[in-house]
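Okay, so here's the structure we're looking at.
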There are 2 protein chains.
Amino acid sequence: MKKSLSIKEIAALSGVSVATVSRVLNDNGRFSEETRQKVLKVIKENNYQVNSIAQTLRSQRSTTIGMIVPDIKNGFFANLINQIEATLFTRGYSTIICTTDKDSAKETAYLKALDAKLVDGLICISGQEYLDLSVMSRRIPLVCIDRNPNVKGEVGFVQSDNLTGGTVASQHLISEGCQQIAIVSKSDGPSSIQKRVEGAVNEINQHPNVNYQLLLSDRKDLSNYARGVDIAKELVKQTQPVDGVFATNDWLAWGIIQGLKDHGVHVPTQVKVVGYDNDDICEILQPSLTTISQNIPELAEEAANLLLKMIHIDNGNDGVIEKKRVPVELIVRDSA
Amino acid sequence: MKKSLSIKEIAALSGVSVATVSRVLNDNGRFSEETRQKVLKVIKENNYQVNSIAQTLRSQRSTTIGMIVPDIKNGFFANLINQIEATLFTRGYSTIICTTDKDSAKETAYLKALDAKLVDGLICISGQEYLDLSVMSRRIPLVCIDRNPNVKGEVGFVQSDNLTGGTVASQHLISEGCQQIAIVSKSDGPSSIQKRVEGAVNEINQHPNVNYQLLLSDRKDLSNYARGVDIAKELVKQTQPVDGVFATNDWLAWGIIQGLKDHGVHVPTQVKVVGYDNDDICEILQPSLTTISQNIPELAEEAANLLLKMIHIDNGNDGVIEKKRVPVELIVRDSA
DNA sequence: CTGAAAGCGCTTACAG
DNA sequence: CTGAAAGCGCTTACAG
């Protein structure tokens with residue numbers, strides 16, 4: 001591999017000291033315009049590229065942040081990751097994305113790797129369990145999105161307003177005339193999903209004439225879609241038929257719709273269905289899916305800004321926890 | 001931020017030199033079992049974490065690879081990224097994922113950042129244009145997936161067998177009795193997609209009784225799905241109706257199916273449709289989509305292994321280009 | 001089996 | 001305005 005030039009060689013070629021080259025590079029400190037031109041010329045001519053590793057070691061700042069995410073294939077996460085990364089990039093930070101695949105050993109290994117790489121901050125998205133930061137050798141600014149950290153000390157916390165999301169979903173079904181509502185979710189979901197259920201239940205409880213039942217799939221072996229199909233089988237067996245379903249994600253919702261259809265139950269005329277996430281699939285399905293849309297741009301912006309703020313303040317160890325709650329939006333389509 | 005301990009402090013606490021601590025850490029060089037135990041004990045007790053940045057600067061090896069990808073939201077890319085990253089991780093490498101959003105300025109900026117971070121290698125996935133590596137200050141092992149690099153020197157090249165993919169798609173339609181086939185794609189697609197079209201055309205040309213037409217959407221403002229709907233409008237207007245469609249991705253295929261349905265044309269009885277990628281949506285749609293599945297695990301494995309091989313050989317500058325071509329598979333479902 | 005020392009490529013007080 | 005020098009935390013010949 002061709003060796004790249006160092007600041008030392010640039011200095012020699014420019015006839016100045018390495019200190020001066022460094023100053024020009026960082027536009028920091030005083031130097032004559034003439035010197036600057038001279039150095040910049042040599043840098044250009046030699047395609048010099050600064051060595052960030054050396055910078056990081058020296059300055060103890062990596063301008064890199066680590067991002068822990070359970071699953072990159074999920075559309076919601078992919079969007080969120082993409083936007084956070086884009087925001088951080090415009091602010092001069094690189095992002096190392098670590099996909100844990102919900103494997104806590106992998107999560108720990110990644111945390112150590114990020115620690116060793118001196119990342120300036122950490123963003124953790126969702127995840128099944130409490131976040132165990134005891135493996136870190138340093139205290140590091142941390143922002144969690146939809147996840148409860150078990151960390152003492154300063155943690156930023158950005159949440160989508162899942163509680164309201166559930167509430168709005170129920171409200172919509174009720175306003176459409178539903179009186180027997182099934183709330184369908186997964187028994188193994190993270191707290192963000194449980195909040196959706198909680199919101200939906202709370203709302204229904206405000207309406208004495210509306211009943212609900214909770215159906216939690218524990219079929220970890222199935223995809224969300226397949227779980228929905230599976231749950232639909234339960235639904236059609238019931239003596240008191242449901243007329244509304246709130247599913248805590250869109251794939252689940254679509255599985256339910258298809259499962260119901262297989263049993264001759266039509267959506268939305270016989271049963272109305274509301275999903276969650278406003279996944280890309282919502283628009284292309286027939287019936288298209290009524291759903292709750294999370295504000296991904298705002299979640300990304302809040303998380304990135306909060307982390308950057310924490311990095312720059314770097315007050316280190318007082319236990320202040322900043323929280324942001326980002327609104328959601330009901331999107332009405334054909335299914336309810 | 002709490003400062004982490006250095007090897008120097010571990011050395012002091014263990015009563016040995018930093019050299020010895022380093023040896024124990026890397027299990028490299030000779031030392032007594034007693035020394036090892038002593039040092040390891042201190043490391044454990046103090047939750048010592050090695051500083052990879054210092055290691056990298058010293059050894060000029062970062063055990064980090066960079067990955068340039070056009071779009072993380074695309075299911076095919078997301079899967080591929082995920083699997084490459086997982087493979088590299090088991091081999092001790094971290095992966096920095098850089099999403100270019102098809103913006104070449106962003107691509108250049110990322111390339112520079114990766115260069116500055118001393119990544120040991122680079123994987124580039126797809127992308128619209130030739131890859132411009134002139135911004136790199138070093139020669140670096142590079143593997144391209146479905147992308148033509150314009151680089152002199154050693155480049156690994158892993159491709160999905162897009163040509164055969166197109167061929168197989170046509171074959172299937174023909175074997176299902178189609179005689180008027182529309183090949184639908186995007187005018188702005190990368191070469192990997194053009195290969196699919198080429199394969200499909202070649203195959204049809206083998207069959208004198210089968211005709212085809214090529215429809216390329218140039219509506220960059222539309223999603224793939226919307227482009228499909230749009231194209232379907234063209235299709236139904238034609239005097240000689242088509243009875244088969246090959247679309248170069250699944251979302252496009254689904255748009256066509258929905259567009260045809262809107263005009264009263266039924267799939268698969270009147271028109272048969274084959275998509276490409278075997279996206280997660282294929283199974284949940286009705287009709288479910290017949291498609292060409294790329295072998296993502298093998299693509300990931302080949303790319304990762306090839307890159308690792310190049311890194312370890314590091315022969316640097318002979319112009320050998322390794323190529324791998326990964327087979328695809330026809331998956332027959334309801335739409336054709 | 002172990003240590004002293006050089007050096008990876010930078011930044012930044014300190015001195016002038 | 002500029003340079004000499006220390007030091008970030010490691011690894012690795014070299015010497016013993």
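Lettering of chains follows the sequences in order, A, B, ..., and the numbering in each one begins at 1.
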So if I take every side-chain heavy atom of A:S17 and compare against D:dG3, C:dC1, D:dT2, which nucleotide ends up nearest?
D:dG3
Distance in angstrom units between [X] [atom1] and [N] [atom2], rounded:
X: B:K117; N: C:dG9; atom1: NZ; atom2: P; result: 17 Å
X: A:L118; N: D:dC8; atom1: CG; atom2: C1'; result: 10 Å
X: B:F31; N: C:dC1; atom1: CZ; atom2: P; result: 9 Å
X: A:R61; N: D:dG9; atom1: CZ; atom2: C1'; result: 19 Å
X: B:L57; N: D:dC8; atom1: CG; atom2: C1'; result: 9 Å
X: A:R30; N: D:dC1; atom1: CZ; atom2: C1'; result: 9 Å

If we take the [atom1] atom in both [N] and [M], what is their distance in whole Å?
N: D:dT2; M: D:dA6; atom1: P; value: 23 Å
N: C:dC10; M: C:dC14; atom1: P; value: 24 Å
N: C:dG9; M: C:dA13; atom1: P; value: 23 Å

List the steps and the verdict of side chain to side chain contact (heavy atoms under 4.5 Å, CB included) for B:L308 and B:Y93.
CA-CA 10 Å; B:L308 259 19; B:Y93 284 79; 3.8 Å; yes
Residue matched to C:dA13 through Watson-Crick or wobble contacts both under 3.5 angstrom:
none
D:dA4 - base-pair partner by Watson-Crick or wobble geometry, distances under 3.5 Å:
none
Which heavy atom of A:L57 sits nearest a heavy atom of B:A54, and at what distance?
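Smallest interatomic distance, heavy atoms only, reads CD1-CB, 3.9 Å.
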With salt bridge (Lys or Arg N to Asp or Glu O under 4.0 Å) as the criterion, how do B:K38 and B:E34 come out once you've worked through the C-alpha distance, each side chain's angles and the decisive distance to 0.1 Å?
CA-CA 6 Å; B:K38 202 167 48 181; B:E34 188 195 344; 5.1 Å; no
Determine, stepwise, if the pair A:I10 / A:L5 fulfils side chain to side chain contact (heavy atoms under 4.5 Å, CB included).
CA-CA 7 Å; A:I10 298 297; A:L5 288 85; 4.0 Å; yes
Indicate for each nucleotide in nucleotides 10-16 of chain D, in 5' to 3' sequence, whether protein heavy atoms under 4.0 Å reach the base (B), only the sugar-phosphate (S), or nothing (-).
BBBB---
Heavy atoms of other groups near B:K324 NZ, more than 12 under 6.0 Å:
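No, because the 6.0 Å sphere around NZ of B:K324 holds 12 heavy atoms or fewer from other groups.
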Using the side chain to side chain contact (heavy atoms under 4.5 Å, CB included) rule, take A:R138 and A:V119 through it: C-alpha gap first, then chi angles, then the decisive distance, then the call.
CA-CA 10 Å; A:R138 310 171 295 146; A:V119 294; 4.0 Å; yes
Under the 3.5 angstrom rule, does the side chain of B:D146 hit a backbone N or O of B:Q159 as a donor-acceptor pair?
no
At 4.0 Å (heavy atoms only), tell me whether A:T35 reaches a base, stays on the sugar-phosphate, or touches nothing.
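Since only primed, P, OP1 and OP2 atoms lie under 4.0 Å of A:T35, the category is sugar-phosphate.
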